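Keep in mind the model is a prediction, meaning the values are calculated, not measured. Start at 1 with the first residue, then count along the sequence. What you see below is based on every heavy atom in this structure, not just the backbone, and it leaves out hydrogens, waters and symmetry mates.
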Amino acid sequence: MGKLPDTILNQLIPDTHYLSKQAQAYDLSWQAIQSGFVGEVPTYTVFEALSTRDNYHFIRKYFHPAWVLYVLFLRLVSFHNPVKEICAWYTTRGIKQVQFGSRPICHPKWQTYDYHILKNCPKVSVIIPTLNRYEHLKAILQDLEQQDYKNFEIIVVDQSTPFDPSFYNAFNLDIQLIRQEAKALWLARNTAVKRAKGALIALSEDDVRIQPDWISNHLKCLEYFKAEVSAGVFYPKGKSIPKARSFFAVASQFATGNAMLYKHVFNTVGLFDRQFEKQRMGDGEFGLRVYLSGIKSISNPIASCVDVKASTGGLRELGSWDAFRPSKFFAPRPIPSVLYFYRRYFGNGAARLALLRTIPLSIVPYQFKKNRSLLILGGIISVLFLPFVCYQVYRSWHLSGKKLKQGPLIDVLE
């Protein structure tokens with residue numbers, strides 16, 4: 001990253017314990033991005049090689065100790081100098097992990113900014129695909145009735161069985177109802193984008209809850225940061241927004257359950273890739289295309305939503321709710337679309353490393369994934385069941401290869 005403004009540098013903490021000045025500069029840039037800097041400063045396109053010690057210093061400072069061991073293991077098995085690796089790992093053992101979120105970069109003008117976009121009142125199209133979740137859908141539609149911004153339509157793509165068109169008569173909303181017989185999430189979203197009348201697209205889901213200023217806060221974010229995408233933050237019901245995502249920042253992810261973007265973004269990057277149909281990571285792949293196109297996307301905690309996590313309907317009915325934990329004993333692990341994503345954008349080598357990182361942890365059931373002891377148990381179990389797990393991974397690799405051979409199924413917005 002280029003020279004940061006003094007107002008930003010004054011909010012960062014220089015780390016002089018790196019061996020090289022360049023490593024110190026990289027560290028400041030990382031701090032800035034992770035703390036919420038979104039200014040217009042040229043970013044690095046080429047990175048200078050750093051000492052092994054400085055690299056271990058960095059990963060110890062910003063990542064969980066388990067990933068430090070993971071990196072050490074990978075370096076050793078890939079025939080890097082074992083003495084140099086172990087010495088660098090050992091000499092940096094005293095570095096403690098830094099948690100971001102306690103000192104985010106401030107945006108003091110946010111509250112008093114004069115938002116022209118609200119005065120101009122552009123049309124917003126809110127897109128909600130739904131599948132057998134009328135009770136949950138009722139709640140989000142009631143939330144939309146309470147919005148303080150009024151110039152919006154709602155496009156509901158209903159794939160439910162049985163289909164109940166009378167359900168929508170109870171709401172005082174401009175609803176464009178599309179009946180879709182196929183149980184296909186990405187087809188639903190693509191169809192809705194094509195039918196949208198608004199210059200802005202707001203993406204939501206049928207099992208979330210939003211505040212009355214959800215639309216207006218997305219609009220404010222787009223104008224304030226001169227962005228084309230406002231990526232809203234999710235948090236589970238009964239919880240609060242994670243500290244690391246409680247402030248504005250350059251978005252590190254894109255979720256179709258809570259986002260607003262200009263419709264012309266789809267003209268630039270295309271619609272959603274239907275290779276992810278009935279599977280996972282379609283929104284992540286779209287977000288990566290947005291990033292690679294140089295489009296500014298801002299993580300927006302103000303336009304947050306509560307993820308209710310409905311126990312039925314949606315992707316749960318299609319058997320693809322979790323990317324790495326198959327619903328059936330002989331199903332591929334991970335879901336093939338995940339490997340399609342990894343292999344397409346990062347290559348086969350990086351995909352294999354990703355499998356080495358994710359597969360052992362995926363043995364443990366989803367509800368136990370934050371329990372450290374059970375995660376370790378999952379690693380041990382994955383070794384015991386290695387032949388079976390290898391079969392699951394082989395199936396996923398084979399099916400993802402078919403997807404790669406066919407290529408992306410990305411329609412163009414005309």
Side-chain angles (χ1 to χ4, degrees), residues 11 31-38 62-64 66-67 96-108 110-111 126 128 133 135-149 202-222 224-225 227 229-260 283-284 287 297-311 314-316 321-323 361 364-375:
Q11 300 180 59
Q31 284 188 50
I33 291 295
Q34 298 301 315
S35 299
F37 175 67
V38 295
Y62 294 116
F63 297 92
H64 191 278
W67 301 128
K96 302 299 183 182
Q97 184 183 0
V98 173
Q99 300 291 340
F100 287 105
S102 58
R103 297 177 64 238
I105 291 172
C106 300
H107 299 278
W110 168 266
Q111 295 294 343
V126 181
I128 304 177
R133 285 180 177 167
E135 282 303 310
H136 292 287
L137 180 61
K138 177 182 178 181
I140 178 64
L141 291 178
Q142 288 174 338
D143 288 346
L144 286 164
E145 285 182 315
Q146 303 303 315
Q147 291 299 296
D148 58 11
Y149 186 86
L203 299 168
S204 188
E205 291 181 346
D206 57 7
D207 65 340
V208 299
R209 299 301 305 273
I210 58 174
Q211 295 298 315
D213 54 1
W214 180 72
I215 293 177
S216 58
N217 277 326
H218 269 307
L219 290 169
K220 289 177 182 179
C221 177
L222 293 173
Y224 185 85
F225 291 103
V229 179
S230 172
V233 174
F234 274 91
Y235 60 96
K237 185 178 180 180
K239 303 289 185 179
S240 57
I241 297 176
K243 185 177 289 187
R245 301 198 65 202
S246 62
F247 50 89
F248 293 112
V250 174
S252 60
Q253 65 181 45
F254 179 91
T256 45
N258 185 10
M260 184 181 288
D283 44 3
S297 178
I298 300 298
S299 179
N300 183 355
I302 309 299
S304 61
C305 73
V306 176
D307 187 3
V308 176
K309 292 187 180 294
S311 59
L315 277 176
R316 285 169 175 77
W321 179 69
D322 191 283
L361 303 182
V364 176
Y366 179 84
Q367 58 268 34
F368 300 143
K369 71 175 186 176
K370 292 186 178 181
N371 186 304
R372 185 177 300 179
S373 298
L374 289 173
L375 287 178

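Residues satisfying the salt bridge (charged side-chain N to carboxylate O under 4.0 Å, His left out) criterion with R209, sequence neighbours excluded, are D143. Take Q142 and apply the side-chain contact (heavy atoms from CB on, under 4.5 Å) test, not counting sequence neighbours, and it matches K138, E145, F171. In this structure, the side-chain contact (heavy atoms from CB on, under 4.5 Å) partners of A231, at least two apart in sequence or on a different chain, are A251, S297. A search for side-chain contact (heavy atoms from CB on, under 4.5 Å) contacts involving Q211 returns D213, not counting sequence neighbours. For F247, the side-chain contact (heavy atoms from CB on, under 4.5 Å) partners two or more places apart in sequence, or in a different chain, are P104, A249.
The CZ atom of F234 sits 9.0 Å away from the CD atom of Q253 when rounded to the nearest 0.5 Å. Note that the CD1 atom of I215 and the CG atom of L144 stand 6.0 Å from one another [nearest 0.5 Å]. Taken to the nearest 0.5 Å, the CG atom of L203 stands 5.0 Å off from the CZ atom of F254. Taking CG of N300 as the start and CG of N258 as the end, the distance is 8.0 Å to the nearest 0.5 Å.
Within the 4.5 Å cutoff, no side-chain heavy atoms of I140 are placed close to those of E205. Within the 4.5 Å cutoff, the side chain of S299 has no heavy atoms near those of the F248 side chain. Looking at heavy atoms from C-beta onward, Y224 lies out of side-chain contact with V38 at the 4.5 angstrom threshold. For the pair W214/V126, a side-chain contact is recorded, criterion being any heavy-atom separation below 4.5 Å from C-beta on. Residues D307 and Y235 fail the side-chain proximity criterion, which asks for heavy atoms closer than 4.5 Å.
Contact detail for A32 and I105: the closest heavy-atom pair is O-CD1, 3.9 Å. For D207 against A310, the heavy-atom pair with the smallest separation is OD2-N, 3.1 Å. Contact detail for D283 and A255: the closest heavy-atom pair is OD2-CA, 3.7 Å. Closest heavy-atom contact between K309 and P236: CE-CB, 4.4 Å. Closest approach of S216 and D148 over heavy atoms only: OG-OD1, 3.0 Å. Scanning all heavy atoms of the two residues, the minimum distance from Q97 to Y62 falls at NE2-O, 4.1 Å.
Judged as a salt bridge (charged side-chain N to carboxylate O under 4.0 Å, His left out), not a single pair has a partner in residues 234-247 (not counting sequence neighbours).
For the pair D206 (side chain) and I128 (backbone), a donor-acceptor distance under 3.5 Å is absent.
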